[in-house]
Amino acid sequence: MRRSKAFIPTSKEAPSDAQLASHIFLARAGFTSQVASGLYNYLPLGKRVIKKIENIINEEMEAIDAQELELSFVTPSDLWKESGRFDKFGSELLRFKDRKNNDFVLGPTHEEMMVNVVRDKITSYKQLPINLYQIKTKFRDEARPRFGLMRGREFIMKDAYSFHSSAEDLDREFNAVENAYKKILTRLGLEFRVVEADSGAIGGSGSKELMVISDSGEDTIAICDTCEYGANVEAAVRQNVEISSEAPEAEFNKFKTPNIKTMDELSEFFSVDKAYLVKSVAARAMYDDSDEIVLFFLRGDDNLQDVKAANSLGANEIVEIAESDLEKVGLVSGFMGPLDMDKVKIVLDNSLKDAKNMICGANESDFHYVGVDMSVMSEANFADIYEVKEGDTCRCGGKLFYKKGIEVGHIFKLGTTYSAPLKANFLDEQGRSQPFIMGTYGMGVSRLMASVVEQHHDDKGCIWTKSTAPYLVNIMISNIKDSDQVALGEKLYEELKNNGVEVVLDDRKDRFGFKMKDAELIGFPYTVIIGKELANGNVQIYTRSTCEKMDVSSSNIYNKVMELV
RNA sequence: CGGGGUGUAGCUCAGUAUGGUUAGAGUACCUGGUUUGGGCCCAGGGGGCCGAAGGUUCGAGUCCUUUCACCCCGACCA
């Protein structure tokens, strides 16, 4: 491509609303432009990068025998009503009517559509397993789009769906896809972790997320410093805590604690480690068509993990609750405890099971119980509801710490969550009709493009990896009026182009500094500088990642470039 | 959906408290000259329904009402 003809609208100034490096540089370097909230155009350079990523995905999916297809974007809402998600998905699902007044949705994910494609066509276990995928624009009407491509409303996602006759075969495919995804991210040049994840609203028996490590990530993941363990904090677990400090041994007794409400105050009042206190967290659990107040109890030094808490109840979510609502049902804020709690449902964290010498609220203003033996609560509802903290001990004995991650992939063992309600069945070896055992595997393509920039940039601009660069080589003619420079530039350009190298010739009538800054902003891996050194028979290769210039004899430049690319 | 903020040239922003020539700067763009190793320089030029609608006023970018859009914090997020 000749730079003089290329549509690459670079700019010195970033859009005022851009926060993240990826957003700033993709906009400034002319890869993307914003249309409306959460909607972006892919300009020529951006489109090339997207294609690069898609090609890598296609190759790795091909390698595990997954087959690409493409489903229609506009989906009749009947399918969504069959699965029950038409009502459940909420306002993120964009619904509309056609001229005949029929309901449609814009696909935010395509479980229903894919099940619909195979049902009645795959009817025997002999046709299984099968893995079908597409790379396609998705639409989710996000409540709050942000961070440029990271959380748009319209985005490109690769979504794969596998169908199996047994859970064992699903396990095999799940591992195969995980490995394929790892290869994809490695080829893209990304630092990432595969972590245990909460299965969320999509349902299913297990899931993992692929997290690109980045401070700008929206997810918090807990990672072990010793073993391979990593998990989203929504699902992270640890070794049982051993409390080193001395237990506050006491006879069971009601103790006056005037106006002592918080864990900090209690800890100070009794001079005791917070681990010996029972923390209570009140919340409202939201179900499909009802809600209730629930009290969660944890060790005083732990925090409640909302997602775990909701899962412990089978609730959709838990939300904060006003103090006045607590009073209405007779709860005493600041002094709530699990003993004899008959006003609302309670859930206790597993770490409280059989705990001795605990201090907890007495459900009476200004009083706590001391010397509480939690084993009296053994019949109560216990669950894992704590949130792993930095410094907690991993089950392997190592230390857990936090990292921020960008979720670029999420793989699920779905089971029959969709095949059963959609009546997608096959006949097994015994001739029995069974719903497909399914897996679903998502990967955010446009988000990957932003992730590459998040991990690979400096204050000058993008630094594309070889596998993602829109063009590998930029030939810069320093002075377009110097006919020798032009001649060499043109010759090298033709040679590289004819040998399949993706190359740009910067033949613009601009000064050296301007063109260099532009090249650095865009982030071509290599720029060949044809400048005043040509008089001495030399040109230079500028490597974007190191910002180093290497002298090369002009006669040898073609071979040298071919070595690099 | 709650709280906050911003809408003026392609882009980044002044101007709005206190209404008053023809609405500004930088940058980008066009023309000519000049320059060619780090976003030069000189001269000239085009470009605006001051987000939209209504109102107050002799007069509104500026004041009032309504509305739309975008952004930030939170909630939400297969």
Under a 90° cut-off about 0 for the syn range, is B/A14 syn or anti?
-> anti
Which of these nucleotides, [options], is closest to any side-chain atom of [X]?
X: A/Arg28; options: B/C70, B/G39, B/G38; answer: B/G39
X: A/Leu521; options: B/C77, B/G39, B/C76; answer: B/G39
X: A/Glu533; options: B/U12, B/C71, B/G37; answer: B/G37
X: A/Arg146; options: B/C40, B/A75, B/G38; answer: B/A75

With a non-hydrogen cut-off below 4.0 angstrom, is A/Lys549 in contact with a base, only sugar-phosphate, or nothing?
-> base
Checking all strands, does A/Glu92 fall into the base, sugar-phosphate, or nothing category for heavy-atom contacts under 4.0 angstrom?
-> sugar-phosphate
A/Leu43 CG to B/G10 C1', in whole Å, measures 14 Å
Run the numbers on A/Val408 and A/Met211 for side-chain contact (heavy atoms from CB on, under 4.5 Å), then give the verdict.
-> CA-CA 6 Å; A/Val408 295; A/Met211 292 285 187; over 6 Å; no
Return no unless some side-chain N or O of A/Ser11 is found under 4.0 Å from OP1 or OP2 of B/A28.
-> no
Using Watson-Crick geometry (N1-N3 plus N6-O4 or O6-N4) or G-U wobble (N1-O2, O6-N3), each under 3.5 Å, B/U6 is paired with B/A69
Please determine, for B/C77, whether a Watson-Crick or G-U wobble partner exists with both distances under 3.5 Å, and give it or none.
-> none
First locate atom CD of A/Gln540, then atom CD1 of A/Ile557, and finally report the distance between them rounded to the nearest 0.5 Å.
-> 10.0 Å
Can A/Phe512 be said to stack with the base of B/G37, given centres closer than 5.5 angstrom and planes under 30 degrees apart?
-> yes
